[in-house]
Amino acid sequence: MNELDGRPDPNALLADIQTQQDNHSGKLKIFFGYAAGVGKTYAMLDDAQEQYRMGKDVLVGYVEPHTRPETLQLLQGLPSLAPKSVFYRNIELKEFDLDTALSRRPELILVDELAHTNAEGVRNRKRFQDIEELLNAGIDVYTTVNVQHIESLNDVIEGITGVRVKETVPDSIFDRAEKIKLIDIEPDELLRRFEDGKIYKPERAQTAMNNFFTRENLKLLREIAMRKATDRISNENQNERRTTEKMANTKMLVCIGPSPSSAKCIRWTARAAEAFHAQWVALYVESADSEHLTLQQQKILRENMDLAEKLGAEIVSIAGHEIAISVSEYAKLSGITNIVVGKSRNKKTLKNLFDMDFEDKLISLLPSIEVHIIPGATARRDYKKPRKTIWKSKVDFSWADCAKTAILLVAATLVSLGLRMVGIGNQNIIMTYILSVLVVSRITKGHIFGIIASVASVLSFNFFFTEPMYTFNAIQAGYPITFLIMLVVALITSTLTVRIKTQAKLAVQRERRTEVLYEINKKLLVNRGLENIISLTNAYIVNLFERSVVFFPSDPEAGIEGSVMQADKDADEAVLNSKDEKAVAHWVFVNQKRAGAGTDTLMGAVGFYMPVTSQGKVLAVLGISCTKGPLSHGTRQFLRMIASQVAMALERQHLSDEQRNILVDAEKEKMRSNLLRAIAHDLRTPLAGILGASSAIRENTKTLDEGTRDKLNADIQEEAQWLIRMVENLLSVTRINEGESKVNKNPEAAEEVVAEAVSRIRKRFPNHRVEVSVPDELLEVPMDGTLIAQVLINLLENAVKHSPETSPVEVKLRKNGDSAVFEVSDHGKGIAEEDFPYLFTSYVPNGTKSPDSSRGMGIGLSICMTIIKAHNGTMEAANRKEGGAVFKFTLPLEGSE
Amino acid sequence: MVKPTILVIEDEEAICNFITAILNSNGYQVIKTGTGKEGLSMAASYSPDVILLDLGLPDVDGVEILKSIREWSKIPVVVVSARGHEREKVEALDLGADDYIVKPFGTSELLARIRTALRHSPQSMGAQAQGEKTMTIGELRIDYEKRSVFLGGKAVHLTPVEYKILALLSKNAGKVLTHDYIMKEIWGLYAGDSHTLRVNMANIRRKLELNPGSPKYILTEMGVGYRMVEELEI
């Protein structure tokens, strides 16, 4: 083994640890034994007791009722969960209560019997799925399992003991366990326990003893169990579990078909692939006969495919008529090094005598590939056509084809008669008939018309063209041969035609699928927006499968409805968005596994739900209605491909949304820093004034006279006032929610707001005349009173500052339609033309004007504008005809909920 | 006459200094402290006539101090707060503060508030006759017994609700009354929102004031409540 190639990638390891920590998956410890009664439950409880004593939060989830007193004794003292009662056909069954366990969330939970199948009505079909959910939720689990329940060992055990164990556990969960504790005792010891009645109740003991508990069986089982455990240890030692790259040298292929012996081959291949650390492919060849499989065969085929997938194979199905040739072609293309086939003992029939065995065909086609033959138990003929079904198809009667045949025969006869008249000999006439048979086989469906045509041509040839004429006697010796040749020609042509037609059909089907995928991909690339992606996906799926579909773009429990597209005569919005269906979708979202109709989990649902994942995260859940029947394997595969496309599109969408948000944030930052800069600029001047005046007073107490000192003090006060107003403005801005420009609006009496602003101004500028006019009717306007008061104060202060003391400043409030209008006007100099565009921005014109003169206009007005805008109002300024400026702003009267 | 004692609980030294200076020069005795806890103990030991309480204290929330004081005493409390913190002010007033003043404030405002607070203190209240017969502010005269109102000699017709509001405000002239307080007094506990109150106030203003946009008698404290002036400003 090349050590360098097998070295695990450090980054992958780190990422692996990271995900484990992030996911906080629970740890699984399996107590593994080779038969019932070795003491697994005892060991598990013992371990749990110790954990409990050390202070861990232990909960007994479910322990099989044992009759062994020692085991029961160990249960004492541990907190345990009451089992859930499930009623099935009027029998009350006790099952493990998963939901309570999940909500209770202990640190460690004990769940006996990993391989148990749950009763109907429970969420998951198998207990190991329950345990998977517990692990995903971060809870550590102890469980027990016997070696005969491991999936890949199932048939080996069957071979040894003769007992078929139905309840199996996939190897994946066995491999997932963090610790495996092998519980081992001598087989003699076990037998003694059994005789003492310590394992089964004495009544059942005899039958169990005979079938299972023989010394031979136990020894072999023990060996298998030990080997499994050692395999694991050696895996751990060599750290090969972490390797993502498998050996490039070996690649195995197993052919699966609709027979039960395929399952045996699959399991063997799984074990071999594990031993060789190789990838393996499970191949199914779709031929014309695939359409004619009985329901039972279809079921077995599906089960076999599921089994292969569960055990880790890559499933491939190809089309072809000749199975050996198709397999060999695929093997050559994919670099297969080993092929596994099942051998069935076929009855030797006449046909078989001349046929090569399938394996021989393979070997002859692929001389360099190793072929492994697994003997099958049944005498079923795997690769031969099931006779019953073929005959049925051949008897498809079609009037059109009848007509075609008749016409052609008549035509051939006429041509031949014509030829005879011209004098061309019998050979050509025969050729004409053969030609007509060829054409009939080509244009009609199935073999039957070809055969009819050949018989008819022979007869008509016999009738019309052989001595004696117009009779059915065939004198010449050659005619039976001619007849035979015609028949063979007919058969061959029609067979070829049938084959070509089916292959063409399959090819068209596949091409169509690929085309659809390509189209979807193209459209998804172009389409932006979550809505578009969802509707596009839904439309395609409805079109392709003619089933209703539902798309949940986020966790269904979050309350968002899924987008449903309904197909003809299929489940509708109400059904697919119902609480039960949403619950299934939610489960899928959380557990990242498919569920619903046709799966092992929540199989009572209306639809089949699958997660759309990317990089380990679930982005969405896709549900397809199964009211028309469960989905075939091919359909599911196709859906998976579509889902991965959708996942990419969703991720792209998400990234572009993020990008947009980042841009917006950057804009806001820029705005904010601009504002800060302008503010700092504006604050410097008054502070300079204050500092100067106060230091002048302090340093020159002797020299300054009363009047000057007073003046300086007044200046200080004035500047301080200005600063206060500026600070208040800034505080007002922070009251507006960041980024949303929303204000808390309350209906306020507009006149009160005006009164407040006016009174404040009057306090500061007692000598300046301010006139107020309000309407007669009370005007209630939804607004943030403090902010609007701030706006008015700003405007009034500007007006006061820019007009002589003697001229009045007017404040008018009135109603105009569905808005309130506030006007502040003065008789001052008015606004300079060049200032108009910059009036409400915080832009400080650089250089052209000294900061002093623009002070008092700059920041204040821009903040006013922000406040008004946040109220969904408007603000404008103008120069009055009679001199002076007027600032007007409006606020909408209705609450803008 | 004994100088009224004022307890100033304020942590900022500069402000504390200038308040002390003003009060001292206007005939009040001042005790001051910078922390709430000390303020509580001083209130208990010195028993001042008015407490000036800053809401933004370093150790304890000013509202908490107010609550503890109100548990055992009815000393008038004037809270000092910053502009824009209406919620705080309203909360304090509802919890038992008598008046509020907003930073930054001027000398005259401060003195006016202190005077009002003293006037409404329990001692002074007891000194005045229980049944005040009439009240005159500027041109406004309210006769409580006859339940009539005159403005500049002319009778003013008020609805019963309007009269009640006016009477309540005038009896607490100089003090600010929160919206909630007025509504509770007039309409009871489950009065609902303040829309009705505002409409009534608007009507009162139109009946009493020369210019409802520039009221002289009843002032609006934005976000807090209403206050009737004690004497007209020129």
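The sequence lines fix the lettering, A, B, ..., with proteins before strands; numbering per chain opens at 1.
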With a 4.5 angstrom heavy-atom cut-off, which part of B/Arg206 approaches chain A: side chain, backbone, both or neither? side chain

Indicate whether the side chain of B/Glu209 and that of B/Ser214 have a donor and an acceptor atom separated by less than 3.5 Å. no

Ring pair (Phe, Tyr, Trp, His ring centres under 6.0 Å) partners of residues 758-791 of chain A, not counting sequence neighbours, each pair once: none

Which answer fits A/Gln721, side chain, backbone, both or neither, if we ask what part of it has an atom under 4.5 Å from a heavy atom of chain B? neither

A/Val727, part contacting chain B, at a heavy-atom distance under 4.5 Å: neither

Residue, of A/Arg762, A/Gln717, A/Glu752, that accumulates the most heavy atom pairs under 4.5 Å with chain B: A/Glu752

Can you establish whether the number of heavy atoms outside A/Asp776 located under 6.0 Å from its atom CG is more than 12? no

Is a donor from one side chain sitting under 3.5 angstrom from an acceptor on the other, for B/Tyr226 and B/Thr178? no

Which of B/His195, B/Glu109, B/Glu221 touches chain A most, by non-hydrogen pairs under 4.5 Å: B/His195

Portion of A/Pro775 that has a non-hydrogen atom of chain B nearer than 4.5 angstrom: backbone

Exactly one of B/Glu185, B/Lys184, B/Met183 clears side chain to side chain contact (heavy atoms under 4.5 Å, CB included) with B/Trp187, and that residue is B/Met183

